[in-house]
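Written below as structure tokens is the structure these notes are about.
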Amino acid sequence: MVSLTADMSPLHPDRNLALELVRATEAAAIRSVPFIGRGKKELADGAAVDAMRAFLTTVNFDGVIVIGEGEKDNAPMLFNGEHVGTGRGPQCDIAVDPIDGTTLTAEGRNNALSVLAVADRGAMLDASTVFYMDKIVTGPAGVGVVDIRLPVGENIRRLAKALDKPVDELVVSVLNRPRHAQLIDDIRASGAGTRLMSDGDVAGGINAARYNARTDMCIGIGGSPEGVATTCAIKALGGHIQGRLWARDDEEKQKGIDAGLRLDDYVYEADELVKGSNTIFVATGVTNGELVSGVRRSGPDYIITESVVLRGASGTLRRITSEHLASKWL
């Protein structure tokens, strides 16, 4: 099998898979722009899906979508199990989220991203039958220090000690949902502050793991597909991530068990969510956020995008700012 990192060979610098994938997230982000703030998240998502899929068909790899739009989105394209790419090159698992934050996009709010994550074939956990996952994410200081099985206050105290900073200077990101009311109270009772996210827990997790970020931890129940995709980024950042699948009812729990998933508070470690370090994570900003800026116009002729590329094998985060001729898109 061709390795995902075969493109790192100095003999083939033009076959950089990561840069090919950026074209797909850029396209999805640009195509969603007409729907920002228009209250039509389905139309925004549909436009992004069409654009991402069109570009993925041109990428030189043999990709299988493990985490796609899937049943939750009733998507006719980029569905779980779909093959994408030219069929030549490395054999890969793919996680796609053409817009992580469709509601953010529809309401014109910050932190919407277009996301792609790639790993070697068979590396990604297929958690598609259970839509939600309880997660904890930190930067490198949390490795071997925090554990999702511990009370959140204990994890905050441990992380504060590892970071050598007072507890009252720690900031914890949490999705602002009724299910997190007690968690939010417990975080604040520990002395730490909260950053409540309306959506977009991929960006929340990555920001918690980044060097010199403004948050120290991301915790709580969000999407299980987003958890697997985020793991590909955390591998490049050297951070910590754990997850527990969270079934909404007995029927979903049974679907997960039938699919071979482990529930009942089983903790998935990073290498169980995504095996190995041959990962690539790319994201392009749809709207402005802490991680990347959103799509913007520069005069009548240019569209500007900002993306990040994180590679697990090299442990790097690269920023890519691209100028696109508006005439090619409008």
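- Using a 4.5 Å heavy-atom cutoff, the side chains of Val84 and Val96 are not in contact.
- Rounded to the nearest 0.5 angstrom, Ile94 CD1 and Arg121 CZ are separated by 8.0 Å.
- We find that Arg149 and Asp265 are not joined by a salt bridge, their nearest charged nitrogen and carboxylate oxygen being 4.0 Å or further apart.
- Separation of atoms CZ (Arg179) and CD1 (Ile184) is listed at 10.5 Å; rounding is to 0.5 Å.
- In this structure, Phe55 and Trp329 have parallel ring planes: the angle between them is below the 30° cut-off, well short of the 60° mark.
- For Asp50, the side chain to side chain contact (heavy atoms under 4.5 Å, CB included) partners at least two apart in sequence or on another chain are Met77.
- Checking side-chain atoms of Glu169 against main-chain N and O of Pro166 turns up no donor-acceptor pair under 3.5 Å.
- Distance alone, capped at 3.5 Å, is enough to place a donor-acceptor pair between the Glu306 side chain and the Ser293 backbone.
- Checked options Asp62, Asn60, Thr57; the residue passing with Thr86 is Asn60 (criterion: side-chain hydrogen bond (donor to acceptor under 3.5 Å, both in side chains)).
- Side-chain atoms of Thr287 come within 3.5 Å of backbone N or O of Ala112 as a donor-acceptor pair.
- Salt bridge Glu290/Arg210: present, at least one basic N to carboxylate O contact under 4.0 Å.
- Checking side-chain atoms of Asn288 against main-chain N and O of Gly294 turns up a donor-acceptor pair under 3.5 Å.
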